[in-house]
*Asks:* 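Attaching a single structure in structure tokens format; questions to follow.
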Amino acid sequence: MSNERYNAAEREKHWQTKWEDADIFRATETEDGREKCYVLEMFPYPSGRIHVGHSRNYTMGDVFARYKRAKGFNVLHPMGWDAFGMPAENAAMERKVHPGKWTHENIAVMREQLKAMGLSIDWSREFATCDVEYYQHQQKLFLDLAEAGLAYRKSSKVNWDPVDNTVLANEQVIDGRGWRSGALVEQRELTQWFFNITKYSDELLDDLATLEKWPDKVRLMQANWIGRSEGLSIRWALDAKTAPAGHSELEVYTTRPDTLFGASFMAVAADHPLAIAAAENNAELAAFCEECRRLGTSATDLETAEKQGFDTGIRAAHPLDPNWLLPVYVANFVLMDYGTGAIFACPSGDQRDLDFARKYSLPVVPVILPSDADPARFEIDDEAYAGDGTMINSKFLDGLDTKTAFEKVTDKLEAAKLDGKPVGKRQTNYRLRDWGISRQRYWGCPIPMIHCADCGVVPVPAKDLPVKLPDDATFDKPGNPLDRHPTWKDVDCPKCGKAARRETDTMDTFVDSSWYYARFAAPSETTPVDPIAAKYWLPVDQYIGGIEHAILHLLYSRFFFRAISDCGHGTGGDPNSGNRGAREPFDALFTQGMVTHETYKSAKGQWLPPTEVKLESDGKSRKAIHIETGAPVSIGGIEKMSKSKKNVVDLDDFISAYGADTARWFVLSDSPPERDVLYTDVGVDGAHRFVQRVWRQVDEIAVLTEKNSTGQPGSFGDLALSLRKATHKCLDGVGSSIEGLRFNVAVAQLYELTNTIGSTLQKSKDGKAGDGADWALREAVTLLVQMMAPMIPHLAEECWARLGNNTLLANQPWPEAERALIVDDQITIAVQVNGKRRGEVTIARDADKDAVEAAALALEPIVRALDGKSARKVIVVPQRIVNIVV
RNA sequence: GCGGACGUGGUGGAAUCGGUAGACACACAGGACUUAAAAUCCUGAGAGGGUAACCUCGUGCGGGUUCAAGUCCCGCCGUCCGCACCA
């Protein structure tokens, strides 16, 4: 017995080189007879280094890709870099390093880290979105979208830092102040580029139903995000005595016209034209509107802020009762972006309206009676009732149900006239807004447009692409480096030839990630998306990434792929014919959980990395001290591994200590993949022990069986047979677990088989194993190694070789389980009395109900539990359970 | 604030369709091997009661549906994710 320890560091490198030399992970260009399978993990932002937290996503994708390859699929498993973005520009400002240099250095490090994990990636297709070879195509896509009217300019709000004179991202606004300057942030209007995603609202919503391999929760979140609603727009006449000049009506959108008799006030956004007009000669109101603008642009801030309003003094006439005048407020919770930027409020039916009404002592009239409420006693206290019911206090609607009332009011208001036009109009509304893609930053894809004083906005002619980022930009101060570059924006107008200026906005990085998966199909093509390759490879068969992308990235990608397809860049469909090609980019989606880790803080409140902390335990409580200073360290909460909290375990450190296989095994073990997994040293030790244990086991069995490795014996003893059954059941189970991405279950099944092999091996060594045991052992470890191969591929190769094979395991087909060994003729099912388990019966698998019932009733514990009483009813679910009801 | 999810032993979790709750692992305890330790191997264990056979309770909390609920429904509590310029 050799029994040497498996040297992961050395052997992993060895097998990675073998795979690379054999070039086995390179995908074919197109069709090769096999069924295709495109496996993709959301590509990383090159932030610096890869930590164990990142590695989980890639490991999962890799297990799936390797498994599918073994199952005979033509697998495409590429990798690239989502390489534009703010951190590079921040690094440039802080460390005086060019964003491109910083990014490419990070990529170089991270590429090596990913390679050290032994991923089955086709590296020949790698690209970074910040390279002109990629973004030039994105510029072409932009031009085509603009041509098709899908990219356009309009005014919208940004967070403005008045000290740094720069636009801030939402995450750069902390408690209403700029993160660098500390200045109070204000909203400012800028003309910016937008993609017309709302044109696709209905398609994006309706097609969610076809995404059967997406998690329901993601589909639901997207549906709510799009937020299609059927409602009514209503024009309210303004009281001429109180309205500002030129304003005679106020249009609101509502999904609940049935509650119109519960209306108690109107509210408009601070930027609503009526608010602006009213503020002109009302300084207090103007100040209030200014205050609303100071909240910045983030929805979280706007909606969690205390509800505040200001009475404009304007009064609006109720559309169903011209003598009923309602006050018009400016309210900080009404958003200009949604509907018409104005609402009528029914406090009894909407919590936000109710809170507001209570605060400003406005009337609260209940108009809907819940079906289970007592009409005499029903009243609204501090909880609004938004559900359905019977109309009350609503004149001609009284007694109707909510839906009928909706129809009746709607019909009436559609027929009613104000200034000769209908008061009400049925309208489908969406919460989804067009996608603003302009960023006033350097490190992004330049928008290929030119501003000419005479010709207006002129697209850069396709022949003049790419519009390259200048290398000699300066990053010493805030603001847009493209805008202040001395010469870059100077260009001649392509139309009239006069001096003009380039667009200095760059694109949102979400644009980069909205089509990269299509580029992977043919990453060197001269057109953005090669229709032949795309038609073959798309859609992505299995997409894997974090749940945090459930809405934006995935929705943008679904939109962008449709939009570019409709401009002729998709999978070869013809937008004008019935065949529009593939519409959805991702056929199956899996959202994986994060790797979490404890956090540590010094007495001064600084985050400390785990490497600088020593943990001590006296069995009951745990203490942490700072290794260098010996100072006490407070142990904080368990949070997602992130650079900012420093609770990361570097992948290089991990691999040099334990090897890539241990890392892979660890992140797959225990936690279900869609849930978070907690990183602990003891958990890692456990994973590492397993890797070593498998190696020992294979080594021992190889030694034990190499002398007598004869053909399959004619008969097997009980022990050999039960090992064979365990092995083939495991094979069946692991296959379907990987297929269903239930990696933690696959891991448990492999542990179980290893345990069975271990005990059989022990008996064999003791000479008590009986007929065929050695052969069964060899079969078991051989299949074990093949099953482990997708998860811990290096060790599997090593074991494969140790078992005498001179082929690469990565090229072997997935083994087939023997059906006869999987199905038992005898099964054990539980027997309950009144739902409580009182015994179990072992019976032929195909026994009929009567036989099962008879056997169950004859069981000694059942007879005892029945205690002479006769069964009232016996429920027999074949192959599942017997329940005797007395 | 709005939208979405999750909650099972000391710990991570399993239970694929409403059908034996706690697979598998970690930690722990006892034993074997060893001069000793490490490593390895074996055994034990949800809680409570009982010499034992066995009994009772038990999947965040409170209700409900069902022969049967971790699983379905209603309400509550807690944690996490997203909210449009972080990626």
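Per chain, numbering begins at 1; letters A, B, ... match sequence-line order.
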*Asks:* A:R49: what forms a salt bridge (Lys or Arg N to Asp or Glu O under 4.0 Å) with it, not counting sequence neighbours?
*Replies:* A:D650, A:D652
*Asks:* Distance between the C1' atoms of B:G62 and B:A69, in whole angstroms?
*Replies:*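 B:G62 and B:A69 have their C1' atoms separated by 16 Å.
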*Asks:* Strictly under 4.0 angstrom, non-hydrogen atoms only: write out the protein contact profile of nucleotides 18-26 of chain B, one letter per nucleotide from the 5' end, B, S or -.
*Replies:* -BB--BSSS
*Asks:* How would you label the contact of A:P672 with the nucleic acid (heavy atoms, under 4.0 Å): base, sugar-phosphate, or nothing?
*Replies:*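 Since only primed, P, OP1 and OP2 atoms lie under 4.0 Å of A:P672, the category is sugar-phosphate.
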*Asks:* To the nearest Å, give me how far apart CG (A:L750) and P (B:A14) are.
*Replies:* 16 Å
*Asks:* Which salt bridge (charged side-chain N to carboxylate O under 4.0 Å, His left out) pairs, counting each pair once, include a residue from residues 871-886 of chain A, with sequence neighbours left out?
*Replies:*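 Applying salt bridge (charged side-chain N to carboxylate O under 4.0 Å, His left out) to every pair that reaches into residues 871-886 of chain A, excluding sequence neighbours, yields nothing.
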*Asks:* Name the orientation of the base relative to the sugar in B:C61: syn if the glycosidic angle is within 90° of 0, else anti.
*Replies:*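 Anti, which is what one calls it when the glycosidic angle falls more than 90° from 0.
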*Asks:* Once pairs are restricted to Watson-Crick or G-U wobble with both distances under 3.5 Å, how does RNA chain B read as a dot-bracket string, [ ] for crossings and | for other-strand pairs?
*Replies:* (((((((..(((......[....))).(((((.......))))).((((....))))..(((((..]....))))))))))))....
*Asks:* Taking only the C1' atom of each, what is the distance from B:G82 to B:A68 in whole angstrom?
*Replies:*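 To the nearest whole Å, 38 Å.
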*Asks:* Between B:U20 and B:U59, how far is it from one C1' atom to the other, in whole Å?
*Replies:*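 So the two C1' atoms sit 15 Å from each other.
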*Asks:* To the nearest Å, how far apart are A:Q692 CD and B:A38 P?
*Replies:* 18 Å
*Asks:* How far does the P atom of B:C86 sit from the matching atom of B:G78, given to the nearest Å?
*Replies:*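 Per the computed distance, 29 Å lies between those P atoms.
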*Asks:* Write down the distance between CG (A:L552) and C1' (B:C86), rounded to a whole number of angstrom.
*Replies:* 11 Å
*Asks:* Separation of A:W435 atom CH2 from B:C83 atom P, in whole Å?
*Replies:*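 In whole Å, B:C83 P lies 14 Å from A:W435 CH2.
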*Asks:* So A:T297 and A:N159, side chain to side chain donor-acceptor pair (under 3.5 Å) or not? Walk me through it.
*Replies:* CA-CA 6 Å; A:T297 62; A:N159 298 308; 3.2 Å; yes
*Asks:* Side-chain donor-acceptor pair under 3.5 Å between A:N170 and A:S298, yes or no?
*Replies:*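 No, no side-chain donor-acceptor pair sits under 3.5 Å.
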*Asks:* Mind checking if A:G436 touches a base, just sugar-phosphate, or nothing, with heavy atoms under 4.0 Å?
*Replies:*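 Sugar-phosphate, no base atom in range.
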*Asks:* Can you list everything that forms a salt bridge (Lys or Arg N to Asp or Glu O under 4.0 Å) with A:R256? Sequence neighbours excluded, please.
*Replies:* A:D258
*Asks:* Under the salt bridge (Lys or Arg N to Asp or Glu O under 4.0 Å) rule, collect the residues that match up with A:R188, sequence neighbours excluded.
*Replies:* none
*Asks:* Using a 3.5 Å cut-off and no angle test, enumerate the donor-acceptor pairs between side-chain atoms of residues 667-675 of chain A and protein atoms at least two apart in sequence or in another chain.
*Replies:*
{"from": "A:S669", "atom 1": "OG", "to": "A:W665", "atom 2": "O", "distance (Å)": "2.6"}
{"from": "A:S671", "atom 1": "OG", "to": "A:D676", "atom 2": "O", "distance (Å)": "3.0"}

*Asks:* With A:D388, which residues qualify under side-chain contact (heavy atoms from CB on, under 4.5 Å), at least two apart?
*Replies:*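 Result, side-chain contact (heavy atoms from CB on, under 4.5 Å) vs A:D388: A:T402.
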*Asks:* Students often get this wrong, so: under 4.0 angstrom with heavy atoms, is A:F510 touching a base, only sugar-phosphate, or nothing?
*Replies:*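 Base contact.
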*Asks:* What about A:Q192: does its side chain form a donor-acceptor pair under 3.5 Å with the base of B:C85?
*Replies:*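 Result: at least one qualifying N/O pair found.
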*Asks:* Please classify B:G70 as syn or anti, treating any glycosidic angle within 90° of 0 as syn.
*Replies:*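 You should classify B:G70 as anti.
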*Asks:* Indicate, with yes or no, if the rings of A:Y543 and A:Y517 have centres closer together than 6.0 Å.
*Replies:* no
*Asks:* Is any side-chain N or O of A:R441 under 3.5 Å from a base N or O of B:C85, one able to act as donor and the other as acceptor?
*Replies:* yes
*Asks:* Round to the nearest Å and state the distance from A:L302 atom CG to B:C85 atom P.
*Replies:* 13 Å
*Asks:* Please report the distance, rounded to the nearest Å, between CD in A:E548 and C1' in B:A84.
*Replies:* 16 Å
*Asks:* Could you walk me through whether A:T198 and A:N196 satisfy the side chain to side chain donor-acceptor pair (under 3.5 Å) test, starting with their C-alpha distance in whole Å, then the side-chain angles of each, then the deciding distance to 0.1 Å, before giving a yes or no?
*Replies:* CA-CA 5 Å; A:T198 53; A:N196 190 4; 3.1 Å; yes
*Asks:* Output the rounded distance in Å from CD (A:Q592) to P (B:C81).
*Replies:*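 Taking atom P of B:C81 as the reference, CD of A:Q592 is at 14 Å.
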*Asks:* If a protein heavy atom is under 4.0 Å from the base, mark B; if only from the sugar-phosphate, S; if neither, -; do that for nucleotides 1-11 of chain B going 5' to 3'.
*Replies:* B-SSS-S----
*Asks:* Could you measure between the two C1' atoms, the one in B:G10 and the one in B:G46, and give it in whole Å?
*Replies:* 10 Å
*Asks:* When you get a sec, tell me which of B:A15, B:A87, B:U56 is the closest nucleotide to the side chain of A:M86?
*Replies:* B:A87
*Asks:* Excluding sequence neighbours, so at least two apart, what forms ring pair (Phe, Tyr, Trp, His ring centres under 6.0 Å) with A:Y442?
*Replies:* A:H98, A:F475
*Asks:* Once salt bridge (Lys or Arg N to Asp or Glu O under 4.0 Å) is applied, do any residues pair with A:D483, and if so which ones, sequence neighbours excluded?
*Replies:*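 A:K489.
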*Asks:* Report yes if a side-chain nitrogen or oxygen of A:S671 is closer than 4.0 Å to either non-bridging phosphate oxygen (OP1 or OP2) of B:G13; otherwise report no.
*Replies:* yes
*Asks:* Are A:F560 and A:F195 close enough that their ring centres sit under 6.0 Å apart?
*Replies:* yes
*Asks:* Under 3.5 Å, which donor-acceptor pairs link side chains of residues 40-47 of chain A to any protein atom two or more places apart or in another chain?
*Replies:*
{"from": "A:E41", "atom 1": "OE1", "to": "A:H77", "atom 2": "NE2", "distance (Å)": "3.3"}
{"from": "A:E41", "atom 1": "OE2", "to": "A:H77", "atom 2": "NE2", "distance (Å)": "2.4"}
{"from": "A:Y45", "atom 1": "OH", "to": "A:A88", "atom 2": "N", "distance (Å)": "3.3"}

*Asks:* When rounded to the nearest Å, what value does the distance between C1' atoms of B:A14 and B:G70 take?
*Replies:*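 Pairwise C1' distance, B:A14 against B:G70, rounds to 11 Å.
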*Asks:* Over how many whole Å does the gap from A:M42 atom CE to B:C86 atom P extend?
*Replies:*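 Rounded to the whole Å, the gap is 17 Å.
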*Asks:* Give A:H549 one of three labels, base, sugar-phosphate or nothing, depending on what nucleic acid heavy atoms sit under 4.0 Å from its own.
*Replies:* base
*Asks:* What nucleic acid atoms does A:S759 come within less than 4.0 Å of, heavy atoms only: base, sugar-phosphate, or nothing?
*Replies:* nothing
*Asks:* Which residue, A:S737 or A:V885, contacts RNA chain B at a nucleotide closer to its 5' end, judged by nearest heavy atom?
*Replies:*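 Closest to the 5' end, via its nearest nucleotide, is A:S737.
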*Asks:* Taking the P atom in each of B:C76 and B:U66, what is the distance between them to the nearest angstrom?
*Replies:* 24 Å
*Asks:* For the P atoms, the ones on B:C80 and on B:G12, what distance do you get once it is rounded to whole angstrom?
*Replies:* 15 Å
*Asks:* Base, sugar-phosphate, or nothing for A:L432, non-hydrogen atoms under 4.0 angstrom?
*Replies:*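 Result for A:L432 = base.
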